[in-house]
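The next block holds one structure in the form of structure tokens; read it before the comments.
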Amino acid sequence: MTPDQLTLLGLIGALLVLVGFAACNVSPWFVSVAILGLFLNWLGDSLDGTLARYRKIERPDFGYFLDHSCDLISQTFIFVGMGLSPYFTLFSAQLALSMYLLMTSFTYLKVLVLKTHHLSYYGVGATELRLLVIAWALFALWYGPGLIDAQFMGVRVIDVTIFSLWSLVFVAFLWKVWSDTKLFRPILDK
């Protein structure tokens, strides 16, 4: 197995997540396909760079480009899959994806400008996100598709909840940008 094959495994896993969640409209037991896809995505994404370093076959620029391009595609597959499932709404999935992409963009900016690569913010990284998606999938399977039907004043409770969480994370993101700008200003002014 090569690092590129592991990257491909991660991408295939994310595609399985999309298919598994979408297929939950046919049978709720397709959640198992989505969870398998999350495991394969984690396995491929977590081990591709490690294997390259272990075998001393790193390609810093190309490997970084390929790995992170596939990560962006994978996360899009995962969130769209959630949005197509009967357990989440497309609106909430797009909000969550937008926040993930915002944090990812921030990470890539820091790599470019500061030469630092943070794998998580406030204790949440890609692995924790996958675990949260699995926990949500299992909870939704237990609760059933009526989960997204609950409304308050004509608005889906799940959308209000996800928007509230998105708002909190957005404020935390603004704080992180502001604090990092202050912290790294001497480096950034060079």
Side-chain angles (χ1 to χ4, degrees), residues 10-25 28 30-46 67-110 117-177 180:
L11 194 58
I12 290 168
L15 186 58
L16 273 177
V17 175
L18 188 150
V19 170
F21 275 136
C24 286
N25 289 294
F30 278 105
V31 162
S32 60
V33 173
I35 291 173
L36 172 64
L38 285 163
F39 173 74
L40 293 175
N41 176 258
W42 170 80
L43 188 67
D45 186 39
S46 297
D67 181 40
H68 293 293
S69 295
C70 288
D71 288 348
L72 293 170
I73 295 166
S74 292
Q75 294 307 321
T76 301
F77 284 166
I78 291 167
F79 283 108
V80 168
M82 287 179 67
L84 295 176
S85 79
Y87 308 116
F88 218 67
T89 65
L90 200 51
F91 173 77
S92 288
Q94 289 173 337
L95 272 179
L97 177 60
S98 73
M99 187 50 61
Y100 183 86
L101 294 176
L102 186 68
M103 296 305 291
T104 301
S105 299
F106 185 62
T107 298
Y108 299 156
L109 285 171
K110 287 179 79 169
H117 191 160
H118 293 270
L119 297 176
S120 66
Y121 293 97
Y122 304 109
V124 178
T127 299
E128 293 79 13
L129 181 65
R130 288 182 194 99
L131 290 172
L132 286 171
V133 172
I134 289 170
W136 175 259
L138 292 173
F139 174 74
L141 180 63
W142 170 78
Y143 192 92
L147 183 65
I148 66 168
D149 293 331
Q151 295 197 0
F152 178 73
M153 297 177 61
V155 181
R156 286 184 167 153
V157 172
I158 190 167
D159 290 338
V160 171
T161 303
I162 296 299
F163 180 76
S164 299
L165 291 171
W166 180 92
S167 299
L168 289 172
V169 173
F170 187 72
V171 168
F173 169 76
L174 293 175
W175 175 259
K176 185 71 178 151
V177 170
D180 280 3

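On a predicted model such as this, the values are computed, not experimentally measured, just so you know. No hydrogens, no waters, no symmetry mates; every other heavy atom, side chains included, goes into these values.
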Parallel, tilted or perpendicular: rings of Phe173 and Phe106 (30°, 60°): perpendicular
CA sep, side-chain torsions, deciding dist, call: Val160, Phe152, side-chain contact (heavy atoms from CB on, under 4.5 Å): CA-CA 9 Å; Val160 171; Phe152 178 73; over 6 Å; no
Nearest-0.5 Å distance that lies between atom CG in Leu168 and atom CZ in Phe163: 10.0 Å
Value rounded to 0.5 Å, distance of OG1 in Thr127 from CG in Asn41: 9.5 Å
Least distance between heavy atoms, Ala126 atom then Tyr100 atom: CB-OH, 4.2 Å
Inter-residue atom distance Phe139.CZ - Leu132.CG, 0.5 Å rounding: 13.5 Å
Contact summary for Val31 and Ala137, nearest pair of heavy atoms: CG1-CB, 3.8 Å
Residue pair Ala22 / Asn25: nearest heavy atoms and the distance that separates them: O-ND2, 2.9 Å
Nearest-0.5 Å distance that lies between atom CD1 in Ile134 and atom CG in Leu138: 7.5 Å
Within 6.0 angstrom of Tyr143 OH, more than 12 heavy atoms from elsewhere: no
Contact summary for Leu97 and Gln75, nearest pair of heavy atoms: CD1-O, 3.9 Å
Side chains of Phe170 and Leu102 in contact at under 4.5 Å (non-hydrogen atoms): yes
Validation row: Asp159, Ile148 side chains within 4.5 angstrom (heavy atoms): no
Met99 CE to Thr104 OG1 distance, which is reported to the nearest 0.5 Å: 11.0 Å
Side-chain heavy atoms of Ser85 within contact of Phe30, under 4.5 Å: no
Test log, rule side-chain contact (heavy atoms from CB on, under 4.5 Å), inputs Leu40 and Ile12: CA-CA 8 Å; Leu40 293 175; Ile12 290 168; 5.6 Å; no
Closest contact, heavy atoms only, Phe21 versus Gly81: CB-O, 3.0 Å
Working for side-chain contact (heavy atoms from CB on, under 4.5 Å), residues Phe77 and Val17: CA-CA 7 Å; Phe77 284 166; Val17 175; over 6 Å; no
Minimum heavy-atom distance Leu11-Ser74, with the two atoms named: CD1-OG, 3.5 Å
Rounded distance (nearest 0.5 Å) linking atom CE of Met82 with atom CG of Leu18: 11.5 Å
Tyr87 backbone acceptor or donor facing Trp136 side chain under 3.5 Å: yes
Trace of the side-chain contact (heavy atoms from CB on, under 4.5 Å) decision for Phe39 with Leu16: CA-CA 10 Å; Phe39 173 74; Leu16 273 177; over 6 Å; no
